[in-house]
Amino acid sequence: MPQPLADAALDQLFRTARTYNGYLDRPVSEDQLVAIWDLLKMGPTSANQLPARIVWCVSDDAKEKLAAAASAANADKIRKAPVSAVIGMDLDFHEQLPWLFPHADAKSWFAGNEALRETSALRNSSLQGAYFILAARALGLDTGPMSGFDQGAVDAAFFAETPRVRTNFISTLGYGDPATISPRSPRPDFAMFNRIA
Ligand SMILES: Cc1cc2nc3c(=O)[nH]c(=O)nc-3n(C[C@H](O)[C@H](O)[C@H](O)COP(=O)(O)O)c2cc1C
């Protein structure tokens, strides 16, 4: 039977984990990127849709292309990070459902309903983005998620060959440099944003 994680694990995943603006000069290997995927893909999505399509920018060229499509405040963070990831979402994710969700005809639930696919792709790729952040933390890495970018420009730069894939958000990845973060912003107690009905 699963037990609650030890305090050290909860700290690493949530309580002391931070969003980083810059990283230590310590490389991240392709094996680590695969290890992040192998954890994040296990997180649940509706009907096992797995709509996220991730481009891991490790070359200077790829990072420069992404930086050029980002806000001025984010561009340099992308250039300097060991890895910058584009978390895209496939609006035609339903084409994969016959093998991803084989025990029902889930493809037919979405075929011909673009609006439902857009809602579902955004919902589930955002969840996968959250799993990405937590998987990275679980493996001892840090992230810097960002929505400050021109979506059309990132789509054109990274998904021109797959036009049904659109960018959800982007994130840097590496070993966070504590010198690059500000004090933690407030987090409310349960009573403020919750109620038990
Ligand atoms: C989806 C998303 C988009 C964000 N966009 C930006 C951004 O464009 N630029 C930026 O500097 N930080 C961005 N952030 C960082 C947040 O401001 C940061 O995660 C939040 O303040 C919590 O910081 P903490 O994890 O250090 O407590 C984004 C975070 C998320 C999750």
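Remember, it's 1-based here, ligands and their atoms both numbered in the order they're listed. Values below: all heavy atoms of this structure, side chains included; hydrogens, waters and symmetry mates excluded. Values in this document were obtained by computation on a predicted structure and should not be read as measured data.
Distance remark: protein heavy atom not present below 4.0 angstrom from atom 17 (O) of ligand 1. There is a protein heavy atom less than 4.0 angstrom from atom 24 (P) of ligand 1. For atom 30 (C) of ligand 1, a protein non-hydrogen atom is found at a distance below 4.0 Å.
At a cut-off of 3.5 Å, with distance as the only test, a side-chain donor of S120 or Q49 sits close to an acceptor on the other residue. Of the N and O atoms on the side chains of N74 and S71, at least one donor lies less than 3.5 Å from an acceptor on the other residue.
The pair R123-E118 does not count as a salt bridge, with every side-chain nitrogen at least 4.0 angstrom from each carboxylate oxygen. In this structure, R15 pairs ionically with D7, as a charged nitrogen and a carboxylate oxygen lie closer than 4.0 Å.
Of the protein's heavy atoms, T19 OG1, 2.7 Å lies nearest to atom 19 (O) of ligand 1. Nearest protein neighbour of atom 27 (O) of ligand 1, counting heavy atoms only, is R184 NH1, 2.6 Å. For atom 26 (O) of ligand 1, the closest non-hydrogen atom on the protein side is R18 NE, 2.6 Å. Summary of contacts: the protein heavy atom closest to atom 11 (O) of ligand 1 is K77 NZ, 2.7 Å. The protein heavy-atom contact nearest to atom 13 (C) of ligand 1 is P145 O, 3.3 Å. For atom 21 (O) of ligand 1, the closest heavy atom belonging to the protein is S185 OG, 4.9 Å.
Judged by the 6.0 Å distance and 45° axis criteria, K65 is positioned over the aromatic ring of F158. By the 6.0 Å and 45° rule, R117 does not stack over the aromatic ring of F110.
The shortest side-chain heavy-atom distance between S125 and P51 falls under the 4.5 Å cut-off.
Near R187, meaning under 4.0 Å from any of its heavy atoms, are these atoms of ligand 1: 22 (C), 24 (P), 25 (O), 27 (O). Atoms of ligand 1 lying under 4.0 Å from at least one heavy atom of G148, given by number and element, are 8 (O).
Using a non-hydrogen distance threshold of 4.0 Å, N74 registers as a contact of ligand 1.
The aromatic rings of F101 and W109 sit perpendicular, their planes meeting at an angle over 60°, well past the 30° parallel limit.
I54 and L134 sit in two unconnected hydrophobic clusters of ILVMFWY residues. Membership requires side-chain heavy atoms under 4.5 Å apart, directly or through other members.
Remark: among candidates P186, S147, G129, the nearest residue to atom 5 (N) of ligand 1 is S147, based on non-hydrogen atoms.
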